[in-house]
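Inspection log for the structure reproduced underneath, given as structure tokens.
What you see is a predicted model, and the numbers here were worked out from it, not measured in a lab. Chain identifiers are assigned alphabetically (A, B, ...) following the order of the sequence lines, protein sequences preceding nucleic acid strands; residue numbering begins at 1 within each chain.
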Amino acid sequence: MHNLKEIRKNFDLFKSLIQKRNINLDVEKIKKLDDLNRQLIQKKEGLEKEKKDISKSKNKELFEKSKDISDQLEKVIIEQKKNKKQLDEIIFNIPNIPHTDVPEGNDENDNKEIIRVGDIKKFDFTPKTHFELGEKLKMLDFDLATKTTGSRFVFIKDKLALLERALSNFMLDKHITHNGYQEISPPLIASENTMFGTGQLPKFEDDQFEIITEEGSERKFLIPTAEVILTNVVKNTIVDVKNLPLRFVASTPCFRKEAGSYGKDTKGMIRQHQFYKVEMVSIVENDKCLSELERMTDCATQILDELDLPYRKMLLCSGDMGFSAEKTYDIEVWIPSENKYREISSCSSCSTFQAVRMKTRYKNHNNETTFVGTLNGSGLAIGRTLIAVMENYQNKDGSIVIPEKLRPYMNNLEIISAN
RNA sequence: GGAGAGAUGGCUGAGCGGUUGAAAGCACCGGUCUUGAAAACCGGCAAAGGGGCAACUCUUUCCUGGGUUCGAAUCCCAGUCUCUCCGCCA
């Protein structure tokens with residue numbers, strides 16, 4: 001979220017910065033609402049002062065007048081609230097401003113490749129898709145999921161389930177013991193305000209699974225990513241600068257409606273309503289965002305290095321970035337059956353955008369209260385890593401070699417083949 | 001599910017109708033002292049929003065939302081959360 005005080009300094013500049021996102025902001029409307037809002041605040045405060053003075057004077061003759069002021073005040077407050085609500089509705093839905101490092105562009109075609117790592121394996125047979133492999137092994141069952149639940153879910157069984165668990169543990173161990181992240185096992189349900197804090201609400205409500213709760217109680221949602229719950233650990237607090245940076249990691253299921261992606265990746269488990277993801281979150285002093293982003297991205301690619309999976313690192317263009325991000329790297333892993341790279345991690349700096357929404361601050365070295373910087377990144381998406389391992393490590397007979405680093409997590413199993 | 005207790009500043013914790021934005025302590029910052037540090041002593045220290053070039057000033061905020069009152073942290077109502085006891089349970 002943007003600080004109105006900053007926007008107010010130069011509406012046109014703000015408009016042009018947001019334009020990088022291909023959004024044409026009606027700044028005139030914002031200005032009008034803001035001006036009116038401030039007028040109403042002044043009116044309100046004037047009346048409040050009058051009332052306060054009368055009550056302080058303890059002059060009984062003025063008490064009646066105070067009642068009249070209360071009536072006026074009530075009307076002004078209602079008007080001010082209504083006006084502020086209109087203003088908020090606009091402000092809440094404006095995305096973060098792209099950092100100057102970010103290339104301008106419309107969609108993924110304008111993303112900039114930073115580096116390619118790893119050799120793409122040449123198969124002397126046509127590599128199968130992960131779902132062909134999984135179904136042949138009888139370890140991925142999409143039909144069963146359709147029967148019990150619905151589309152875009154999967155049953156993972158047997159050795160593949162073990163592989164999934166191994167991936168999760170392997171990644172967690174790396175981030176905890178080598179990369180300085182604190183392990184967290186968080187709630188998988190978040191309150192409405194928590195979802196607002198990281199930017200999922202109000203704009204992306206359609207993508208969220210909402211839990212039915214009792215009438216009158218706060219709305220609750222299944223987390224679409226652990227970012228939501230891990231970042232909001234510091235919601236509404238003034239963090240002691242001595243404790244920064246805070247680095248959290250969690251392996252959790254993520255739930256997404258995937259509204260608007262009908263027909264996309266319908267086969268296999270690339271795009272599911274539920275998937276595991278290891279998520280990293282950093283809370284930092286706001287001038288350290290970019291260096292932390294590099295560090296975090298390295299933590300993610302390190303996993304792929306160790307699993308010996310080929311990947312490339314992309315710098316997202318302004319049009320392809322998420323709502324809260326100022327700068328994002330996507331890590332894309334090689335998927336042999338598709339003969340292309342697919343996103344397996346996304347690491348973003350959100351500058352102070354989420355902190356403003358969450359009201360998370362710290363005292364900087366000048367003892368000024370200022371907003372923290374927040375970052376989040378997948379390290380990595382488990383479901384997609386499972387796909388990448390299956391496809392890149394497949395043999396002609398449909399068996400799958402287990403990457404060496406994972407074997408200690410799988411009772412030293414070396415290969416997965418049909419039972 | 002039943003019965004109680006509570007929610008106050010970065011933290012602990014007083015206040016229970018009128019200079020209370022809020023005692024005290026801790027933490028933090030500045031100073032004196034010291035070769036340096038510690039201790040001791042002195043001083044400072046909430047946030048959000050509005051006005052002003054600025055010095056500064058005004059408003060709001062003691063869980064949230066209503067109400068009573070000229071005036072509410074303090075009284076009333078509703079809700080949320082936390083704790084204790086009983087029951088149930090992975």
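- Of the two residues near RNA chain B, A:D53 and A:E64, the one whose nearest nucleotide lies more 5' is A:D53.
- Here A:K51 reaches the OP1 or OP2 of B:G71: one of its side-chain N or O atoms lies under 4.0 Å away.
- In the interface, the side chain of A:E45 is paired with the base of B:G49 through a donor and an acceptor atom under 3.5 Å apart.
- Pairing of B:G79, defined by two Watson-Crick or G-U wobble distances under 3.5 Å, is identified with B:C63.
- Under the rule for a ring pair (Phe, Tyr, Trp, His ring centres under 6.0 Å), the partners of A:F323 that lie at least two apart in sequence or sit in another chain are A:F204, A:F353.
- Every residue two or more places apart in sequence or in another chain that forms a side chain to side chain contact (heavy atoms under 4.5 Å, CB included) with A:E108 is listed here: A:N111, A:D320.
- Rounded to an integer number of Å, the gap from NZ of A:K242 to C1' of B:G10 is 10 Å.
- When only modelled atom types and interatomic distance are considered, A:E227 and A:Q354 share a side-chain donor-acceptor pair under 3.5 Å.
- Put simply, CG on A:L290 and CZ on A:R295 are 15.0 Å apart, with the number rounded to the nearest 0.5 Å.
- Remark: P of B:U69 and CG of A:L62 are 18 Å apart, rounded to the nearest angstrom.
- If you measure from atom NZ of A:K9 to atom C1' of B:C53, you get 14 Å, rounded to the nearest angstrom.
- With rounding to whole Å, A:E48 atom CD is found 15 Å from B:A72 atom C1'.
- Base pairing of B:A40 is made with B:U32, judged by Watson-Crick or G-U wobble geometry with both donor-acceptor distances under 3.5 Å.
- Between B:U64 and B:C58, the distance separating the two C1' atoms is 26 Å to the nearest Å.
- Note on A:K5: only backbone sugar-phosphate atoms sit closer than 4.0 angstrom, heavy atoms only; bases stay farther off.
- The gap from the P atom of B:U12 to that of B:G31 amounts to 30 Å, rounded to the nearest Å.
- Taking the side chain to side chain donor-acceptor pair (under 3.5 Å) definition, one finds that A:E258 meets it with A:S261, A:R271, sequence neighbours left out.
- Partners of A:K235 according to the side chain to side chain donor-acceptor pair (under 3.5 Å) rule, which considers only residues two or more places apart in sequence or in another chain, are A:N193, A:T194.
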I'd like a list of close polar pairs between nucleotides 17-21 of chain B and the protein, N/O only, cut-off under 3.5 Å.
| from | atom 1 | to | atom 2 | distance (Å) |
| --- | --- | --- | --- | --- |
| B:G18 | N2 | A:S55 | O | 3.0 |

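- With both pairing distances under 3.5 Å, B:C85 is matched to B:G2 as a Watson-Crick or G-U wobble pair.
- Scanning for side chain to side chain contact (heavy atoms under 4.5 Å, CB included) contacts around A:E48 gives A:K44, A:E45, A:L73, with sequence neighbours left out.
- Rounded to an integer number of Å, the gap from A:I238 CD1 to B:C28 P is 17 Å.
- Remark: A:R38, A:I41, A:Q42 in residues 30-44 of chain A come within less than 4.0 Å of RNA chain B through at least one heavy atom.
- A gap of 30 Å separates the P atoms of B:C11 and B:G67, to the nearest Å.
- The side chain to side chain donor-acceptor pair (under 3.5 Å) contacts involving residues 401-417 of chain A comprise A:D173-A:Y409, A:E306-A:K405, where partners must be two or more places apart or lie in separate chains.
- Under the Watson-Crick or G-U wobble criterion, with both distances below 3.5 Å, B:U74 has no partner in any strand shown.
- Using a 4.0 Å heavy-atom cutoff across all strands shown, A:T369 reaches sugar-phosphate atoms only and no base atom.
- Taking a pair to require two hydrogen-bonding distances under 3.5 Å in either a Watson-Crick or a G-U wobble arrangement, B:A14 remains unpaired.
- Rounding to the nearest 0.5 Å gives a distance of 11.5 Å between CD1 of A:I416 and CG of A:N395.
- Rounded to whole Å, the separation between the P atoms of B:A48 and B:G10 comes to 10 Å.
- Under the Watson-Crick or G-U wobble criterion, with both distances below 3.5 Å, B:U69 is left unpaired in every strand shown.
- Remark on RNA chain B: of its neighbouring residues A:G46 and A:D240, the 5'-side contact belongs to A:D240, judged by nearest-heavy-atom nucleotide.
- At a cut-off of 3.5 Å, with distance as the only test, a side-chain donor of A:S168 or A:S251 sits close to an acceptor on the other residue.
- For the ring pair (Phe, Tyr, Trp, His ring centres under 6.0 Å) test, residues two or more places apart in sequence or in another chain that qualify with A:F153 are A:H273.
- Residues forming a side chain to side chain donor-acceptor pair (under 3.5 Å) with A:D305 (at least two apart in sequence, or on another chain): A:Y311.
- A heavy-atom distance below 4.0 Å to RNA chain B is reached by these residues of residues 66-83 of chain A, ordered by number: A:S66, A:K67, A:K81.
- In a base pair of the Watson-Crick type (N1 to N3 plus N6-O4 or O6-N4) or a G-U wobble (N1-O2 and O6-N3), with each distance short of 3.5 Å, B:U20 is matched with no nucleotide.
- Atom CZ of A:R8 and atom C1' of B:G51 are 11 Å apart (whole Å).
- One interatomic measurement links the two molecules: CG of A:N236 to C1' of B:U61, which rounds to 13 Å at whole-angstrom precision.
- Look at the C1' atom in both B:C28 and B:C86: the space between them is 45 Å, to the nearest Å.
- The separation of B:G43 from B:A23, taken at their P atoms, amounts to 15 Å, rounded to a whole angstrom.
- Rounded to whole Å, atom P of B:G9 lies 13 Å from atom CZ of A:R361.
- Nearest to the side-chain atoms of A:K363 among the listed nucleotides B:A47, B:U59, B:C28 stands B:A47.
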Table please: side-chain donor-acceptor pairs of residues 88-101 of chain A below 3.5 Å, with sequence neighbours left out.
| from | atom 1 | to | atom 2 | distance (Å) |
| --- | --- | --- | --- | --- |
| A:D88 | OD1 | A:K84 | NZ | 3.0 |
| A:D88 | OD2 | A:K84 | NZ | 3.4 |
| A:N93 | ND2 | A:E89 | O | 2.6 |
| A:N96 | ND2 | A:S324 | O | 3.0 |
| A:N96 | ND2 | A:C350 | O | 3.2 |
| A:N96 | ND2 | A:S351 | OG | 3.0 |
| A:H99 | ND1 | A:D101 | N | 3.0 |
| A:H99 | ND1 | A:D101 | OD1 | 3.4 |
| A:D101 | OD2 | A:K327 | NZ | 2.9 |

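- Across the C1' atoms, B:G71 and B:U60 are found 16 Å apart, a figure rounded to whole Å.
- At distances below 3.5 Å, not a single donor-acceptor pair connects side-chain atoms of A:D34 with backbone N or O atoms of A:I30.
- Separation of the P atoms belonging to B:G50 and B:A39 is 41 Å when rounded to the nearest angstrom.
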